[in-house]
Amino acid sequence: GAKNPIMTGKADISIGDKSSRLEITLSYAVTAISVELKGLPADVASVSLSLSPMYSSLLMSGEYEDKGGKIEIPCWLDTENIWNANTLYTFPGSGEETTLSILVTKKDGTETTYAYTYKGIPEANRAFNVSGNYTGGITVGGEFIVKERYDRDCPVSPFRHGRCDKEPL
């Protein structure tokens, strides 16, 4: 993942005797992933999230490559006892669904992994927000939510610090 998004653009050109002007429309080639997990016990030492399968490279032609990749996202604990990950930009998901794994490590070294299958993928030019609540375990039944941060009517440049231009900073 990266701290800054990658943009791509394409244009067909013809080389000749005349000078010409070329305008290229750019779009984001990555998804913006953010994480917010609430209610984890005080004895948790670290939390990380992994997503797979994800593309791991982008060709000059604009096509994605290497379908079986996995992204690991370390989280940090804020002053309100919420585990977060700064917005991370990565290539989109490469399957029809996404496997999310949350690794929770307690201070005594005990590790627990909570795994979920999301019936969708992180998409290029879209934010992917992972949020959840711990209630004795992170459960899917409404307690664990994976959603796009903004609706699909958001302007083409939704990556203003991971927020839609319609949202306040």
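Along the sequence shown, residues are numbered consecutively beginning with 1.
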**Message:** The test is side chain to side chain contact (heavy atoms under 4.5 Å, CB included); show your working for Ser101 and Thr99 and say whether it passes.
**Reply:** CA-CA 7 Å; Ser101 297; Thr99 300; 4.2 Å; yes
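- With no hydrogens or angles considered, no side-chain donor-acceptor pair links Ser27 and Asn125 at under 3.5 Å.
- Of the possible donor and acceptor atoms, none in the side chain of Lys106 sits under 3.5 Å from a partner among the backbone N and O of Thr112.
- Looking only at distances, a side-chain donor or acceptor of Thr31 sits under 3.5 Å from a matching main-chain atom of Glu123.
- Although no hydrogens or angles enter the test, the distance criterion places no donor-acceptor pair under 3.5 Å between the side chain of Asn129 and the main chain of Ala127.
- A single hydrophobic cluster is seen to contain both Leu77 and Leu37, as judged by linkage of ILVMFWY side chains at heavy-atom distances under 4.5 Å, directly or through other members.
- With a 4.5 Å cut-off on side-chain heavy atoms, Val30 and Thr90 do not count as touching.
- Linking Ile, Leu, Val, Met, Phe, Trp and Tyr whenever their side-chain heavy atoms come within less than 4.5 Å leaves Trp76 and Val47 in two separate clusters.
- Tyr118 and Ile121 fall into different hydrophobic clusters, where Ile, Leu, Val, Met, Phe, Trp and Tyr are joined by side-chain heavy atoms under 4.5 Å apart, directly or via other members.
- Put simply, CD1 on Ile82 and CD on Glu36 are 5.0 Å apart, with the number rounded to the nearest 0.5 Å.
- The closest side-chain heavy-atom distance from Ser50 to Ile71 is not below 4.5 Å.
- Under a hydrophobic-cluster definition in which Ile, Leu, Val, Met, Phe, Trp and Tyr are linked whenever side-chain heavy atoms come within less than 4.5 Å, directly or via other members, Leu59 and Ile6 are assigned to different clusters.
- With a 4.5 Å cut-off on side-chain heavy atoms, Lys67 and Tyr55 count as touching.
- Cluster annotation: Leu49 is connected to Tyr114 through the hydrophobic network of ILVMFWY side chains, with a link wherever side-chain heavy atoms come within less than 4.5 Å.
- Side-chain atoms of Tyr64 come within 3.5 Å of backbone atoms of Ala29 as a donor-acceptor pair (strictly under, hydrogens ignored).
- Of all the heavy atoms in Val104 and Leu40, the pair that sits closest is CG2-CD2, 3.9 Å.
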